[in-house]
Student: 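I have a structure here, written as structure tokens, and I will follow up with some questions on it.
Lettering follows sequence order; numbering is per chain, from 1.
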Amino acid sequence: MPELAEIETLRSDLQAEFAGYQIDRVEVSGRRSVRRHPDAAAFTRRLLGRQVRAVARKGKFLLVHLDSTDVLVAHMGMSGQLRRVEAGSPKSLHTHVSVSFAGAFDLHFVDPRTFGQMFVSNADLPELAHLGPDPLEIDEARLGGLVASRPTKLKVILMDQSIISGIGNMYADEILHAAQLRPDRPGRDLSPADISNLSAATHRVLGEAVARRGSTLADRQYKDLYGAAGTYQELHRVYAREGKPCSRCGELVARSRSNGRSNFYCPGCQR
DNA sequence: CGATTATCCTGTGCGC
DNA sequence: TGCGCACAGGATAATC
């Protein structure tokens with residue numbers, strides 16, 4: 001699933017491919033992918049003729065800053081993919097938005113399950129105001145402040161985008177394993193040493209995942225701008241590894257369920 | 001407040 | 001071989 005590492009990979013490639021180029025054509029199929037707007041025309045109108053200044057990221061949201069005061073915002077949801085394709089390429093199945101750049105490639109937004117979306121907002125981005133800080137941009141003390149006061153389970157805290165933004169189910173499980181902390185540990189039970197481990201694990205796991213251009217699972221739902229897979233899944237220790245031996249202690253990886261989500265963890269070395 | 005559940009959606013993979 | 005269904009989970013709303 002596209003989480004922080006996958007979105008960051010898209011961000012850097014989008015920046016390299018499209019910064020400085022002007023949007024000269026926008027095609028929207030259906031309304032659902034641009035559902036924040038009253039209709040597709042309201043979305044398209046604010047993009048046509050605009051030049052891309054820079055591409056940023058906030059949590060799992062991509063922010064394409066334009067030469068107006070507007071920002072094109074994209075969220076991949078569960079199954080969204082962005083693809084750089086040759087100009088004028090036909091839209092494959094589930095391609096909901098196509099953006100053409102003058103004298104350059106087209107950008108296709110493909111999203112079978114339609115949980116993703118695109119919209120244009122102003123520079124203040126009120127739609128994203130609820131998001132917490134990026135986990136890569138906060139230090140141990142700041143993370144401790146966000147976690148240590150809460151009675152909530154660690155897994156829930158890590159995945160709550162209003163507390164920290166960018167971590168989903170997959171990286172939450174990997175981070176907690178790296179920190180040797182159980183997903184159901186209440187945040188306020190953590191010792192200073194636990195907080196230290198959690199902070200280090202967060203930076204290590206997400207940093208390495210970005211370096212490896214994200215995780216592409218068996219379902220192939222994530223591919224990068226060029227259709228290539230990431231490789232961080234090769235380093236997964238627990239996610240989708242139920243019943244396999246833990247790489248740290250040899251105990252079998254367990255799976256529990258809460259909030260309608262799977263939790264993969266090692267009962268042997270996560271406390 | 002926190003915890004839990006339902007909703008949206010389609011492709012996949014399992015059991016029978 | 002084919003059918004039906006559970007599952008995958010990001011964000012949000014509703015309910016307890």
Student: What is the distance, rounded to the nearest whole Å, between atom CD of A:Glu127 and atom P of C:dA11?
Tutor: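 After rounding, the reported distance stands at 15 Å.
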Student: Can you list, in residue-number order, the parts of residues 146-154 of chain A that come under 4.0 Å of DNA chain B, counting heavy atoms only?
Tutor: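 Per residue number, the list reads A:Pro151, A:Thr152, A:Lys153.
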Student: Please report, rounded to the nearest Å, how far the P atom of B:dT5 is from the CG atom of A:Asn259.
Tutor: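 Whole-Å distance recorded here is 8 Å.
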Student: Identify, with sequence neighbours excluded, every residue that meets side chain to side chain contact (heavy atoms under 4.5 Å, CB included) alongside A:Arg84.
Tutor: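 So A:Arg84 forms a side chain to side chain contact (heavy atoms under 4.5 Å, CB included) with A:Glu17, A:Phe18, A:Phe105, A:Leu225, A:Tyr226.
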Student: Give the rounded distance in Å between these two atoms: CG of A:Leu217 and P of C:dC7.
Tutor: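 That distance rounds to 18 Å.
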Student: Within this structure, what is the CG-to-P distance between A:Leu131 and C:dG10, rounded to whole angstrom?
Tutor: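 These atoms are roughly 14 Å apart.
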Student: List for me each residue that meets side-chain hydrogen bond (donor to acceptor under 3.5 Å, both in side chains) alongside A:Asp184, sequence neighbours excluded, and say none if there are none.
Tutor: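 Residues passing side-chain hydrogen bond (donor to acceptor under 3.5 Å, both in side chains) with A:Asp184: A:Arg182.
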Student: Assign A:Met76 to base, sugar-phosphate, or nothing according to its heavy-atom contacts below 4.0 angstrom with the strands shown.
Tutor: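 Contact class for A:Met76: none.
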Student: Sequence neighbours excluded and cut-off under 3.5 Å, please list the side-chain donor-acceptor pairs for residues 186-193 of chain A, or say none.
Tutor:
unit_1: A:Ser191; atom_1: OG; unit_2: A:Ala193; atom_2: N; d: 3.4
unit_1: A:Ser191; atom_1: OG; unit_2: A:Asp194; atom_2: N; d: 3.0
unit_1: A:Ser191; atom_1: OG; unit_2: A:Asp194; atom_2: OD2; d: 3.2

Student: What is the distance from CZ of A:Phe61 to P of C:dA11, rounded to the nearest Å?
Tutor: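 Those two atoms, CZ and P, are 6 Å apart.
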Student: Who pairs with A:Lys60 by side-chain hydrogen bond (donor to acceptor under 3.5 Å, both in side chains), at least two apart in sequence or on another chain?
Tutor: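 Listed in chain order: nothing, the list is empty.
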Student: Could you tell me whether a side-chain N or O of A:Arg35 sits under 3.5 Å from a main-chain N or O of A:Arg31, the two making a donor and an acceptor?
Tutor: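 Such a contact is absent between A:Arg35 side chain and A:Arg31 backbone.
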Student: Looking at residues at least two apart in the chain, or sitting in another chain, which of them share a side-chain hydrogen bond (donor to acceptor under 3.5 Å, both in side chains) with A:Thr152?
Tutor: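 Residues passing side-chain hydrogen bond (donor to acceptor under 3.5 Å, both in side chains) with A:Thr152: none at all.
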Student: What pairs meet the ring-ring contact (aromatic ring centres under 6.0 Å, His included) rule with one or both residues in residues 235-256 of chain A, with sequence neighbours excluded?
Tutor: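 Matches after skipping sequence neighbours: A:Tyr232-A:His236, A:Tyr239-A:Phe264.
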Student: For nucleotides 8-14 of chain B, tabulate all protein N/O to nucleotide N/O atom pairs closer than 3.5 Å, reporting atom names and distance.
Tutor:
unit_1: B:dC9; atom_1: O2; unit_2: A:Arg113; atom_2: NE; d: 3.0
unit_1: B:dC9; atom_1: O2; unit_2: A:Arg113; atom_2: NH2; d: 3.3
unit_1: B:dG11; atom_1: OP1; unit_2: A:His94; atom_2: NE2; d: 2.6

Student: Using whole Å, report how far CG of A:Asp184 lies from P of B:dA3.
Tutor: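 These atoms are roughly 12 Å apart.
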Student: With sugar-phosphate meaning primed atoms plus P, OP1 and OP2, does A:Ser262 contact a base, only sugar-phosphate, or nothing at under 4.0 Å between heavy atoms?
Tutor: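 Answer is sugar-phosphate: A:Ser262 comes under 4.0 Å of backbone atoms only.
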Student: Under 4.0 Å, counting only non-hydrogen atoms across every strand here, what does A:Gln221 touch: a base, just sugar-phosphate, or nothing?
Tutor: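 Result for A:Gln221 = nothing.
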Student: Got a second to check how far A:Cys266's SG is from A:Leu176's CG, nearest 0.5 Å?
Tutor: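 Answer for the SG-CG pair, A:Cys266 versus A:Leu176, is 12.5 Å.
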Student: For residues 188-223 of chain A, pull every pair meeting ring-ring contact (aromatic ring centres under 6.0 Å, His included), keeping only residues two or more places apart or in separate chains.
Tutor: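 Residue pairs passing ring-ring contact (aromatic ring centres under 6.0 Å, His included), neighbours aside: none found.
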Student: Using links of under 4.5 Å between side-chain heavy atoms of ILVMFWY residues, direct or through other members, which residues join A:Leu63 in one cluster?
Tutor: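 In the cluster with A:Leu63 are A:Phe61, A:Val71, A:Val73, A:Phe119, A:Leu125, A:Leu128, A:Leu131.
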Student: Report the distance from atom CG of A:Asp173 to atom C1' of C:dG10, rounded to the nearest whole Å.
Tutor: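 So the CG-C1' distance, A:Asp173 to C:dG10, works out to 15 Å.
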Student: Taking 4.0 angstrom as the limit, do A:Asp134 and A:Arg57 come out as a salt bridge?
Tutor: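 Salt bridge flag = yes for A:Arg57 with A:Asp134.
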Student: What is the distance from NZ of A:Lys155 to C1' of B:dT4, rounded to the nearest Å?
Tutor: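 It is 15 Å, rounded to the nearest whole Å.
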Student: Among Ile, Leu, Val, Met, Phe, Trp and Tyr joined by side-chain contacts under 4.5 Å, find the other residues sharing a cluster with A:Val85 and list them by chain and number.
Tutor: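 Members other than A:Val85 - counting any ILVMFWY side chain reachable under 4.5 Å - there are none.
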Student: Between the axis at one end of the helix from B:dG2-C:dC16 to B:dC16-C:dG2 and the axis at the other (five pairs apiece), what's the angle to 10 degrees?
Tutor: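 Nearest ten degrees gives 60° for this helix.
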Student: Side-chain N or O of A:His130 less than 4.0 angstrom from OP1 or OP2 on C:dT12?
Tutor: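 Yes, such a contact exists.
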